Protein chains: 2
Amino acid sequence: MVSNRLNAIKKFFHKHKRLPSYSEMLKLFNLSSKNAVFKIVQKLIELNFLKKESHKLAPTSKFFALPLVGLVKAGFPILAEENRDYLTLDEYLIGDPQSSFLLKVSGDSLIGLGIFDGDLVIIDKKDQATSGDVVLAQIDREWTLKILKKDGVKAYLEAANPKYPPFYPVQELEIFGVVKAVIRKFN
Amino acid sequence: MVSNRLNAIKKFFHKHKRLPSYSEMLKLFNLSSKNAVFKIVQKLIELNFLKKESHKLAPTSKFFALPLVGLVKAGFPILAEENRDYLTLDEYLIGDPQSSFLLKVSGDSLIGLGIFDGDLVIIDKKDQATSGDVVLAQIDREWTLKILKKDGVKAYLEAANPKYPPFYPVQELEIFGVVKAVIRKFN
DNA sequence: TGACAAAGTGAACGAAGGTTTACTATACTG
DNA sequence: CAGTATAGTAAACCTTCGTTCACTTTGTCA
């Protein structure tokens with residue numbers, strides 16, 4: 001079975017953060033000829049789990065991706081191997097790694113958007129945003145995470161919690177980044 | 001500057017899903033001696049961005065990680081280079097890639113937990129769960145995503161939305177997986 | 001059962017890999 | 001400005017890499 005071999009490679013990658021060489025796959029697969037490995041790799045390339053550029057092996061996106069399914073009441077769609085979508089979290093969530101960072105949310109001012117205390121938020125560093133964006137901003141020298149609203153020329157911040165009133169900047173409102181995604185881990 | 005070199009390597013990795021070889025780094029850095037590359041790599045290993053095992057180069061977790069900051073009202077903590085935490089999303093979110101998959105949530109039955117329609121949920125495949133877990137389950141042959149409750153011996157499902165009553169299984173309740181995390185992307 | 005494809009063995013090969021050594025140019029520092 | 005660390009050049013080295021070839025074993029199915 002070729003998928004066992006793929007899993008072994010995935011495990012190796014998970015542990016070492018790189019693909020095994022052919023010699024290492026020999027041990028991994030309990031084989032004794034590099035040619036056997038060569039043929040297996042060839043097959044994995046055909047299946048689009050691996051790729052090669054000028055004799056250098058690399059994983060594809062499919063290699064990392066998790067199956068993505070939708071919930072239909074009738075049947076459990078993951079059972080059907082075909083028609084599956086695949087998604088890599090890092091690729092899905094992070095546009096430019098250079099300008100992204102994570103922020104741990106504190107407070108309940110955004111519960112209306114499903115952003116709770118302790119959640120992790122992915123922020124894209126930039127100083128421009130459009131009305132409705134959740135922004136990391138400095139309002140009158142205080143840092144906060146709120147919804148940006150532009151009312152004509154005036155910009156102000158709003159919570160997603162009826163407990164809090166809108167925040168109008170007395171002096172300045174500087175935007176530092178825009179929230180791209182929320183992540184909450186259970187347990 | 002060594003961080004420029006690191007960024008070039010990161011870009012290369014992003015594009016090719018593997019590290020460049022020394023010869024490729026030559027072009028990447030516009031150098032003409034492999035020894036120069038050798039020394040740069042040595043430095044990146046000391047800084048713990050790369051590592052080597054039996055002459056094979058590999059990235060470390062730090063290589064992939066995003067800076068993680070907390071929000072303190074006084075100052076903006078990301079400005080301080082030290083005391084930073086780093087986090088890799090894939091590692092953080094996914095325990096065992098083999099038994100994980102993604103599910104697109106439909107419906108509003110879990111809004112109380114901040115799980116909205118259209119959110120992505122990471123599910124760990126297993127048939128056991130403890131009371132309070134959000135589970136993907138089949139109740140009387142219908143698939144659903146709900147909170148598992150164990151009342152003594154009896155198990156039933158509960159929504160996180162006052163609109164819905166608890167669901168007591170008439171015949172059977174089979175657990176398929178447990179929700180490990182929620183992801184919501186904006187825009 | 002016999003034929004044929006699939007999977008594996010073993011050895012040989014050139015190319016490319018990372019490493020080392022010795023030397024030069026550039027930049028910093030007291 | 002002399003002295004010294006830092007960054008880069010150039011060439012040679014052996015190891016390991018991925019590939020190929022010819023052959024054998026195993027499995028499948030008509």
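Quantities reported herein were computed from a predicted structural model and do not represent experimental measurements. Residue numbering restarts at 1 for every chain, and letters A, B, ... go by the order of the sequence lines.
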### Message
One thing to verify: whether Glu24(B) and Arg18(B) come together as a salt bridge, which I'm taking to mean a side-chain N less than 4.0 angstrom from a carboxylate O.
### Response
yes

### Query
Counting only side-chain N and O atoms of Ser23(A), is one of them less than 4.0 Å from OP1 or OP2 of dC17(D)?
yes

### Summary
Footprint ends on DNA chain C, 5' to 3', for atoms under 4.0 angstrom from a heavy atom of chain B, come out as dG17(C) to dA22(C)

### Message
Just the rounded figure in Å: distance from P of dA10(D) to CG of Asn35(B).
### Response
12 Å

### Query
Is there a side-chain contact between Leu103(B) and Val69(A) (heavy atoms, below 4.5 Å)?
yes

### Beyond-backbone contact of Arg141(A) with Glu172(A), side-chain heavy atoms, under 4.5 angstrom
yes

## Note on the structure
Met25(A) atom CE is separated from dT16(D) atom C1', nearest whole Å, by 14 Å

### Message
On DNA chain D, compare the nucleotides closest to Ser54(B) and Ser32(B); which residue's is nearer the 5' end?
### Response
Ser32(B)

#### Entry: Distance in angstrom units between Lys39(A) NZ and dG18(D) P, rounded
17 Å

### Query
Salt-bridged, Lys17(A) to Glu53(B), with N to O below 4.0 Å?
no

### Query
For dG8(D), does either OP1 or OP2 sit under 4.0 Å from a side-chain N or O belonging to Ser33(B)?
no

### Query
Can you check the Glu24(A) CD to dG18(D) C1' distance for me, whole Å?
13 Å

### Summary
In whole angstroms, the gap separating C1' of dT15(D) from NZ of Lys56(B) amounts to 10 Å

### Query
Within this structure, what is the CG-to-P distance between Asn4(B) and dA7(D), rounded to whole angstrom?
13 Å

#### Entry: Leu57(B) CG - dC17(D) C1' separation (whole Å)
16 Å

### Message
When you measure from the centre of the six-membered ring of Tyr92(B), is the NZ or CZ of Lys185(A) closer than 6.0 Å and no more than 45° off the axis?
### Response
yes

#### Entry: Rounded distance in Å - OH (Tyr22(B)) to C1' (dC17(D))
16 Å

### Message
Out of the candidates Leu136(B), Asp124(B), Ile122(B), Val121(B), only one should pair with Phe101(B) under the side chain to side chain contact (heavy atoms under 4.5 Å, CB included) rule; please name it.
### Response
Leu136(B)

### Message
Judged by each residue's nearest nucleotide on DNA chain D, which is more toward the 5′ side, Phe38(A) or Ala36(B)?
### Response
Ala36(B)

### Query
So which residues get pulled into Leu50(A)'s cluster when ILVMFWY side chains under 4.5 Å apart are joined, directly or through others?
Val2(A), Leu6(A), Ile9(A), Phe12(A), Phe13(A), Leu19(A), Tyr22(A), Met25(A), Leu26(A), Leu28(A), Phe29(A), Leu31(A), Val37(A), Phe38(A), Ile40(A), Val41(A), Leu44(A), Ile45(A), Leu47(A), Phe49(A), Leu57(A), Phe63(A), Phe64(A)

### Task
Identify which nucleotide among dG8(D), dT19(D), dA10(D) has an atom closest to any side-chain atom of Lys34(A), counting heavy atoms from C-beta outward.
dT19(D)

